[in-house]
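Side chains included, hydrogens not; waters and symmetry mates left out as well; all remaining heavy atoms used. Every chain is numbered from 1 and lettered A, B, ... according to where its sequence line falls, protein lines coming before strand lines.
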Amino acid sequence: MAMAALTCASPGHGATVTLRQAQAEVIHDAGCVRTRAVALSHRWDRAFAGRDGTVRYSLLLPPSPADVPHGLYFPRVGNQVEIHVGGQVLARRGVLGDARVDAAKAPLWVTVPSSLLSGEESTPLEVVVSAQAGRWGGLAAPMFGPASDLYPVYQARYVWRQWGAVAVVFSMALVAAISGGLWLLQREAVYGYFALGAVLGVVRFADRLWEQPPLPWPLWGGVQAMALALHVLFMARFSLAMVGVDGRSVRRAFVFFGVLEASAAMASFLFGLPSLWTAALALLAVPSAGALAVVAQRAWTLRQREAIAVCLAGILVIVAGFRDFVVVRLSEDGAGVFSLLPMASMGFVLMMGWLIMDRYVRQAREYRGLLVSLDRKVHEREQQLEASFALLQQGEAQRAALQERQRLMRDIHDGVGAQLVGLLSLIDKGRTDRAELQEHASAALDELRMAVDAMQPVNGDLATVLATLRYRLQPRLVAAGIEVDWRVEALPPMENLTPPTVLQLQRILLEGFTNMLRHARASRVRVSARHETGAAHQLVLEIADNGIGMSDPAPFVTGHGLKNMQARATAIGATLRFGSPPQGGTRVTIVLPVNPVADAAKHSAG
Amino acid sequence: MVCCRPLAPGSSMSDEPVAPPASSEPAISVALVEDEAGTRERLVRALSQTSRLCLAHAAGTGQELLDWLGDNSVDVLLVDLGLPDIPGLDVIRRARALSPGTEIMVITMFGDEANMMRAFEAGARGYLLKDGTEDDLARHVLNLHAGGSPMTPIIARQLLARLARPMPAVAPPLPARPDVRSDALTAREHDILVKLSRGYTYGEVAGLLDIAPSTVQSHVKNIYSKLAVHSKAEAIFEAHQLGLI
């Protein structure tokens with residue numbers, strides 16, 4: 001059993017003291033018990049590397065005034081702990097020897113009832129600690145004093161340690177979520193590295209908030225160590241990717257260090273070899289420093305904003321990591337000292353988060369710019385196409401207009417022109433027969449009217465062409481005392497009823513009527529138009545008079561008239577027949593084929 | 001009202017029904033505007049062929065005619081579409097506003113059917129083609145005044161396309177506006193237009209449809225009125241489309 005231990009208690013009542021000496025009674029797994037004086041802070045892992053065990057620390061609380069409430073502040077004690085003052089249990093964290101709870105993660109405050117203290121003599125304090133290998137167990141120098149002085153110190157420590165960790169974990173989780181989302185959307189490796197690194201960081205740094213972790217010790221310790229090592233490796237790889245270095249050699253090095261670090265970390269905890277983990281941590285400096293060197297080189301040569309930012313943040317992390325390694329891991333008095341690495345990591349993570357968002361925003365802006373320029377290019381191309389199309393159309397219209405103009409000139413020249421020339425030659429010859437001159441003049445006028453009528457829209461209706469001719473000729477027929485028997489049926493539209501066709505048809509019909517008026521001595525004319533749907537679709541026009549007929553050798557029969565009519569009919573694809581029916585008179589028949597396409601269209605439309 | 005000397009009765013060769021002039025009826029007053037002096041003289045001469053017509057005024061410009069119309073009124077007004085100062089269509093519209101009771105007739109080049117349609121839309125009810133048939137002017141004017149309006153087959157064809165009914169027996173294969181308004185043609189009007197476009201005269205149409213010739217005349221007049229309504233309805237429709245009303 002331990003005897004009264006020496007304390008460094010400062011003289012004078014009521015002041016806060018730090019207890020730096022204790023008698024430690026060590027109980028190994030092996031069962032061997034050894035008592036010796038130790039200086040606090042005392043770290044189990046340093047004294048008994050790779051082993052589990054229990055220590056009973058015996059200390060003395062200095063005499064203190066009973067009227068002032070006192071308390072004990074343990075910056076770090078664990079992994080499981082029982083605290084006795086004056087032989088009475090005041091606090092417990094976990095069950096001794098049960099590895100599920102790790103009390104060493106948080107500072108501990110114990111209020112000491114005044115009844116247990118004495119103003120005259122020291123009061124015994126016993127701290128029983130059970131520690132697991134590699135779990136930072138042990139006892140950091142506790143502080144004793146009036147609660148009014150000491151509690152704020154505990155509280156400040158608690159807030160720093162706990163809420164600092166909360167802030168780190170929360171901000172890491174946030175940027176992990178953001179960059180994970182970006183990776184899902186864009187599948188860019190750089191976002192993926194960062195998201196994974198941040199998630200591992202969360203796993204690592206959240207451990208501090210977790211007095212009772214989800215996995216049993218030492219497996220959890222291994223997982224934690226792996227998470228930290230991989231976090232650092234991922235961040236290194238991310239840093240390289242940010243400055244555009246993500247080749248095969250980087251991947252190889254990453255895989256190499258990743259496997260090495262992960263297995264070393266896990267082995268160190270599973271087999272109780274803390275020095276292996278220390279070595280693994282030291283080895284992490286190689287990829288970190290290597291990545292930093294590359295980034296720094298980029299920052300120097302390219303003056304890239306990203307490279308400079310990554311470089312500065314990386315230096316920060318490496319300095320903090322080195323300092324932690326030296327102060328916490330290697331030094332004798334590591335327990336209870338702040339680790340800077342979480343804070344530096346948080347800084348790094350936040351900065352990278354900002355960089356990532358900046359990168360994303362810039363990319364989005366570039367895409368938008370690209371879209372705008374694409375849009376402009378499409379628009380320009382569209383305009384060019386429109387312009388060339390308009391030009392083409394204009395050319396087409398000009399060509400069509402030219403053709404039509406040429407046709408009109410030819411019609412006028414061949415029609416009215418010829419008639420006027422004939423009239424002029426009559427006058428030149430000194431012919432002054434009034435009837436003859438009038439006939440020629442009115443023929444010229446007829447020709448002109450037909451040329452104009454042929455330009456009218458008739459919508460492919462041959463009946464309208466016939467009707468217009470009748471409208472022109474009716475006064476003459478009436479004047480000649482010829483009765484008209486008009487029988488024009490509804491005719492299907494003809495697609496090929498163009499102005500030239502109409503004009504030729506009118507000329508044929510006019511010729512027929514003129515012949516009748518001049519020579520037939522008829523009193524009656526029957527004009528009929530019908531649609532025949534036999535073997536071939538055709539339109540049949542007939543002019544039949546009751547005159548003297550064609551058997552009489554009238555002068556027109558041998559004249560140019562009939563030849564002209566035939567030629568015109570052939571030109572428009574029509575058939576022209578002259579006949580003398582038994583009941584007498586003359587019959588002119590014109591047969592026009594109907595465009596079968598137009599016919600079919602008409603039937604389907606109907 | 002200014003009127004003129006009675007003239008010798010002219011002869012009519014038309015088969016179209018015209019009430020024979022009765023000496024007891026008052027003379028029909030006519031004014032005309034035609035910028036070409038030669039044509040104007042021929043028109044004046046043609047009008048003077050019948051005692052039933054008296055020429056009240058012959059103007060050379062649209063403005064001159066409109067000024068004169070401000071103080072006078074006539075039964076029939078003849079308007080040349082190609083006036084140098086005011087477009088003939090505008091003269092028709094303003095003349096109608098000044099004197100709604102006046103029958104307006106268009107004098108136009110033959111072959112100018114498109115302009116004729118617009119003249120009908122503006123309110124003209126008859127036309128005379130400057131194609132050498134000016135001699136028939138008196139007959140046309142008397143016809144118009146008696147309630148008749150001439151119609152060439154081509155105009156009938158265009159009216160069919162323009163005022164097409166949804167399901168006509170012989171549909172012109174033209175894209176027509178869907179017309180379910182009051183300006184759509186009735187079945188009878190449609191039949192008449194179809195026959196006219198095939199060249200039948202008013203008398204023959206009356207025989208074929210078994211109606212009186214005067215009924216054909218009044219149908220034709222109605223059709224012309226519908227064209228004016230139609231053009232207004234189109235204007236309203238287009239204004240709607242443009243968001244003006």
Side-chain angles (χ1 to χ4, degrees), chain A residues 438 441-442 444-446 448-481 483-495 499 502 509 527-531 541 598-599 601-606, chain B residues 11-16 108-117 127 129-137 139-140 150-162 164 167-176 190-191 193-208:
Chain A
Q438 198 170 26
S442 65
L445 199 56
D446 277 340
L448 180 62
R449 283 171 185 158
M450 284 191 303
V452 175
D453 282 342
M455 310 285 293
Q456 297 302 306
V458 293
N459 308 129
D461 190 0
L462 190 62
T464 306
V465 176
L466 280 175
T468 306
L469 195 69
R470 180 189 190 185
Y471 186 80
R472 295 275 176 234
L473 291 175
Q474 184 72 13
R476 270 184 252 174
L477 293 170
V478 170
E483 190 192 335
V484 179
D485 180 9
W486 192 257
R487 294 182 186 192
V488 176
E489 290 177 6
L491 301 177
M494 285 176 66
E495 206 172 65
V502 170
L509 292 166
V527 180
S528 65
R530 59 180 191 274
H531 178 212
L541 310 182
D599 197 46
K602 193 239 170 192
H603 280 290
S604 67
Chain B
S11 63
S12 171
M13 300 179 296
S14 170
D15 67 317
E16 290 172 14
T108 178
M109 274 185 359
F110 69 95
D112 196 18
E113 266 81 358
N115 266 328
M116 245 186 283
M117 297 286 283
Y127 57 86
L129 299 179
K130 284 194 271 186
D131 62 350
T133 55
E134 288 93 334
D135 294 346
D136 287 341
L137 177 58
R139 177 169 64 86
H140 284 309
M151 185 175 288
T152 66
I154 286 175
I155 287 178
R157 165 60 54 205
Q158 290 195 352
L159 282 173
L160 275 175
R162 224 168 137 69
M167 285 294 295
V170 183
L174 271 189
H190 180 261
D191 286 348
L193 278 183
V194 166
K195 298 268 186 301
L196 290 175
S197 76
R198 275 195 238 147
Y200 290 98
T201 63
Y202 284 17
E204 287 166 356
V205 170
L208 285 170

Residues two or more places apart in sequence or in another chain: which of them pass salt bridge (Lys or Arg N to Asp or Glu O under 4.0 Å) with A:Asp446?
-> A:Arg449, A:Arg476

Taken in chain and number order and not counting sequence neighbours, the residues that satisfy side chain to side chain donor-acceptor pair (under 3.5 Å) with B:Ser197 are none

Scanning both residues in full, the closest heavy-atom pair of B:Pro153 with A:Thr468 reads CG-N, 3.9 Å

Determine the minimum heavy-atom distance between B:Glu204 and A:Val484, stating which atoms define it.
-> OE2-O, 4.0 Å

Polar side-chain atom of A:Trp486 near backbone of B:Arg198 as donor-acceptor pair, under 3.5 Å = yes

Without swapping roles, check the side chain of B:Tyr200 against the backbone of A:Val488 for a donor-acceptor pair under 3.5 Å.
-> yes

About how many Å separate CG of A:Asp461 and CD1 of B:Ile154, when rounded to the nearest 0.5 Å?
-> 11.0 Å

